[in-house]
Every structure is written in C-alpha cells, then in structure tokens.
Amino acid sequence: MQLIADKRENSRRCLMSILHGEKKTVLVAEDDSDIAGVIIAYLERDKFAVIHAADGEKAIRMAEQYQPDFIILDIKMPKKDGWQVLMELRQTTDVPIMMLTAMDTDADKIQALKTGADDFLVKPFNPEELVARVHVILKRSQQYHARENLKLYKTRNIEINKITHQVYVGPMKMDLSTDLTSTEFKILMHLIRYPQRVFSREEIMNSCMPEGNACDRTVDSHVSKLRKKIQQAGIVNVPECVRGFGYRLGD
C-alpha cells in the first residue's frame with residue numbers, strides 16, 4: 001500500500017512540476033515497463049519531469065496535452081508504432097524526438113532522420129548516454145529557437161538579414177542579395193538557422209516550397225544552383241550534401 005501511495009505522490013509532484021514549468025518535461029513512449037522504468041529513473045535523477053505512455057495512441061494524446069520539451073519514442077509499440085507517432089507529431093510540433101529501436105540497421109536510421117527524428121539510439125543502450133544525449137539535443141533546440149527570433153543570422157562565411165533580404169558571403173562579404181531566387185533565399189534561410197543540422201529533402205520541400213509540385217530532384221536542382229552562386233564568393237561545397245540524409249549549411 002505504501003509503495004502505491006509513494007508512486008501516486010511522485011506522479012502528483014511530477015504533474016505539478018510540468019504545470020508550473022519548474023522542470024524540463026520528457027515524454028517516454030515505451031511499452032516495455034522494465035526499459036521504461038530505467039529510462040524514467042535516470043531522467044528523474046537528472047531533475048527532469050517525466051511522463052510515460054505505454055502505447056502510440058496514448059503517446060500522441062499526452063504530447064498534445066502536456067506539450068513536453070523532449071520525446072523518447074520506441075518504434076515497436078502497440079496501437080500505433082513509433083513511425084506513425086513520429087509522422088503525426090511532426091505535422092504539429094518540432095519538439096526534439098529520439099527514436100529507440102532494437103534493430104541496428106542503416107535503413108531504420110535513415111528513415112528516422114528523414115521522417116524528422118533528432119536522434120536514434122539502439123537497444124541495449126547505456127542510460128547515462130541516453131540522458132547525456134537528451135541534454136545535448138535540448139541545448140541545441142533552445143539555441144535554434146533563440147535564433148528564430150533574430151533578424152540577423154551569421155555563420156563564419158555567410159550573413160543574412162531576414163528583414164531586408166540582404167545576403168553577404170565570404171571574407172569580402174560579397175552581396176548576393178539580387179542574385180538569389182526567392183526559393184534559393186528560403187533554402188539558405190532555412191539552413192542557416194541551424195547550420196550543423198542535416199535537413200532532409202522532404203523538410204526543405206515542406207518549409208521552402210510548400211505550394212509547389214516539388215520533388216527530391218527539384219530540391220537538388222535549387223541547392224545546386226545556390227551552391228554555384230555561393231561559390232562565386234570563394235566558398236566551396238556550401239550547402240553540403242550529406243549522402244543518404246539531405247543537406248546542411250555547415251561552417
């Protein structure tokens with residue numbers, strides 16, 4: 001009886017922390033109770049508020065209800081698997097998502113990244129590594145959203161003013177503002193917000209060409225033309241193609 005009472009009290013405290021925004025909230029969607037218990041214990045030890053869903057449908061409901069800061073999502077779950085949950089969540093939120101799977105295949109990793117996952121971890125895993133990855137991804141996500149509110153975006157070689165649409169490239173700050181098409185400018189803006197992240201072709205299509213009849217080859221064509229224009233300023237291989245994944249701006 002005391003154990004049940006302690007669990008209820010812990011759940012109550014967790015929900016209060018979520019409601020008052022006292023802690024970062026992690027949704028753990030995992031149907032294996034033993035694995036879920038280990039993940040939850042290590043996350044709570046690192047001062048996260050944790051909520052748990054044992055199936056895909058509940059994971060979607062809890063994500064909508066509690067708006068967690070991070071989601072850990074198992075692939076093989078009842079009712080809706082991790083792929084279905086990931087695709088549904090990506091229609092409404094950009095919350096960081098880590099996929100868990102027992103299958104260590106390149107196909108699964110590529111599918112996870114293309115569908116919008118931020119990380120991919122294979123079972124069995126070190127729970128301390130999992131928590132460390134959560135911290136790193138959350139930090140990057142916070143930096144990304146902070147950059148969303150900026151008017152001026154900079155990397156070492158590229159500077160963009162999103163209000164005036166001015167684009168300066170290279171050590172001599174060559175002005176490419178009038179050289180770029182509207183789509184090329186949108187792609188560059190999309191990539192510079194998070195220079196080291198690899199964006200899939202599908203993400204670029206949805207964000208930069210939402211009204212067009214675009215396909216993978218269309219994205220490749222626009223990026224190729226953008227790369228040639230940036231090369232005029234002495235910057236080679238930007239944006240960078242990450243084979244099998246997509247594109248990133250890099251340094």
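This chain uses plain numbering: 1 for the first residue, then up along the sequence. All values derive from a computational prediction rather than experimental measurement.
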How about Val95 and Leu89: do any of their side-chain heavy atoms sit closer than 4.5 Å? no
With a 4.5 Å limit on heavy-atom distance, are the side chains of Glu30 and Lys123 in contact? yes
Measure across [X] and [Y] and return the closest heavy-atom pair with its distance rounded to 0.1 Å.
X: Arg201; Y: Cys241; result: NH2-SG, 4.3 Å
X: Gln84; Y: Lys80; result: OE1-CA, 3.3 Å
X: Ile137; Y: Asp119; result: CD1-CB, 3.4 Å

Classify the angle between the aromatic ring planes of His135 and Phe48 as parallel (below 30°), tilted (30 to 60°) or perpendicular (above 60°). tilted
Stepwise, does the side chain to side chain contact (heavy atoms under 4.5 Å, CB included) test hold for Val136 with Leu138? CA-CA 6 Å; Val136 169; Leu138 274 174; over 6 Å; no
I'd like to know if [X] and [Y] make a salt bridge, using a cut-off of under 4.0 Å between side-chain N and carboxylate O.
X: Lys139; Y: Asp118; value: no
X: Glu240; Y: Arg227; value: no
X: Glu184; Y: Lys229; value: yes
X: Glu128; Y: Arg45; value: yes

When rounded to the nearest 0.5 angstrom, what is the spacing between [atom1] in [X] and [atom2] in [Y]?
X: Leu43; Y: Ile51; atom1: CG; atom2: CD1; answer: 11.5 Å
X: Asp81; Y: Met87; atom1: CG; atom2: CE; answer: 7.5 Å
X: Asn237; Y: Ile235; atom1: CG; atom2: CD1; answer: 11.5 Å
X: Asp74; Y: Met99; atom1: CG; atom2: CE; answer: 8.0 Å
X: Ser182; Y: Ile187; atom1: OG; atom2: CD1; answer: 10.0 Å
X: His190; Y: Phe185; atom1: NE2; atom2: CZ; answer: 13.5 Å

Can you tell which of Ile39, Ile72, Asp46 makes a side chain to side chain contact (heavy atoms under 4.5 Å, CB included) with Val134? Ile72
So, [X] and [Y]: side-chain donor and acceptor under 3.5 Å apart, yes or no?
X: Gln166; Y: Thr164; value: yes
X: Tyr247; Y: Asp220; value: yes
X: Asp175; Y: Ser177; value: yes

Working for side chain to side chain contact (heavy atoms under 4.5 Å, CB included), residues Leu73 and Met98: CA-CA 6 Å; Leu73 183 59; Met98 176 192 292; over 6 Å; no
Checking side chain to side chain contact (heavy atoms under 4.5 Å, CB included) for the pair Leu249/Tyr194: CA distance, chi angles, key distance, verdict? CA-CA 8 Å; Leu249 197 62; Tyr194 205 167; over 6 Å; no
